[in-house]
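Take a look at the structure below.
Both backbone and side-chain heavy atoms feed into the values below; hydrogens, waters and symmetry mates do not.
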Amino acid sequence: MRKIILAAALTAALTLGAAPAFAVGGTTNIKVTTDATAISVTVPTSFTVTGPAEGGNLTGVPAKTVHKITNLSTYPIYVSDIKAEKQGGWELASSPLTSATTSVAGVTGDIYMKLTPDGATGTVDPWVLKAVGSAPKGWTVAGKSVGAASGVDLQIAVEGSISPVKKVVATDPAVNVVYTVAPGTAPATP
C-alpha cells in the first residue's frame, strides 16, 4: 500500500511540476546586419574615340557590349554617383556639338558625351558628362546567381560630339568618368 501511495504522490508531483504556475510571455526582436563590403564589380577603364577637328560626331565609340559595368556580386548594386573630370584642356558640354559650335576660348575644345544604360532594371535615365556628380536614375544591376561564373552586365551605349578644336591632339586624355557603386537598388526619385 505504501508503494501505491508513493507512486501516486510521485505521479501527482510530476504532473503538477509540468504545469506552469504563472504564464509569462514576451518577444525577441532579432536584427540582422548584412555585410556587403565585398562588392565585386568591374567598370569601364579606358577607351579612345575620334572626333573631327572641324567639330561633329565622335566615331570609334565602344559598342555597349564592350562598355559595361559588370556586377560579380550575388546581390544587386546600383550606380550611386557619376561625375566627369575634364582633362587636357577640354570643356564639358551639356548638349550635342557641331562644326557650327564655338568652343570656349583658351581650351582644346568642347566635348559632349551621353551614356545610356541598357539592361538595367526599371526606368533609367541617360547621363550626360558633367563635372558635378549626380545620381543617375535607375542604374541598377541585378546580382549574379550563386555559383555562376560570370556576372550580370549593365551595357552602356556611348554617343558624343566635339566642337571645332583650338588645337589638334593625338590621343590626349579628355575626360575621366568616375563611377561610384553601392550595394542595393537605386532609390526612387521624387
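Here the rule is side chain to side chain contact (heavy atoms under 4.5 Å, CB included) with Val141, and of Ile77, Val41, Asp153 only Ile77 fits it.
Hydrophobic cluster membership differs between Val177 and Val128, with clusters built from Ile, Leu, Val, Met, Phe, Trp and Tyr side chains linked at under 4.5 angstrom. Leu97 and Val61 are not part of a single hydrophobic cluster, where members link through side-chain heavy atoms under 4.5 Å apart. Hydrophobic clustering (ILVMFWY, side-chain heavy atoms < 4.5 Å, transitive): Val43 and Val66 are in distinct clusters.
Residues Val178 and Glu85 form a side-chain contact, since some pair of their non-hydrogen atoms from C-beta on lies under 4.5 Å apart. Proximity of Val181 to Tyr78: side-chain heavy atoms (C-beta onward) are nowhere separated by under 4.5 Å. Residues Leu58 and Tyr112 form no side-chain contact, since every pair of their non-hydrogen atoms from C-beta on lies 4.5 Å or further apart.
Contact between Pro136 and Trp127 at its shortest, heavy atoms only, is CB-CD1, 4.4 Å. Summarising the geometry of Tyr179 relative to Ile156, their closest heavy-atom pair is OH-CD1, 4.0 Å, with the distance given to 0.1 Å. Contact between Ser99 and Pro164 at its shortest, heavy atoms only, is O-CG, 3.2 Å. Here the closest non-hydrogen pair linking Leu115 and Trp139 is O-CZ2, 3.6 Å. Taking each heavy atom of Trp90 and Pro173 in turn, the nearest pair found is CD1-O, 4.0 Å.
In this structure, OG on Ser150 lies 7.5 Å from NZ on Lys144, to the nearest 0.5 angstrom. Thr101 OG1 to Ile162 CD1: the interatomic distance, rounded to the nearest 0.5 Å, is 10.5 Å. To the nearest 0.5 Å, atom CG of residue Leu72 and atom OG1 of residue Thr42 are 5.5 Å apart. Atom CG of residue Asn71 and atom OG of residue Ser40 lie 7.5 Å apart, to the nearest 0.5 angstrom.
Other residues, nucleotides and ligands place more than 12 heavy atoms under 6.0 Å from the NZ atom of Lys130.
Applying the side-chain hydrogen bond (donor to acceptor under 3.5 Å, both in side chains) criterion to Glu91, with sequence neighbours excluded, gives Lys86.
Using the six-membered ring where Trp is involved, His67 and Phe47 have ring planes that are perpendicular, over 60° apart on the 30 and 60° scheme.
No side-chain donor from either of Ser161 and Asn57 sits under 3.5 Å from a side-chain acceptor of the other.
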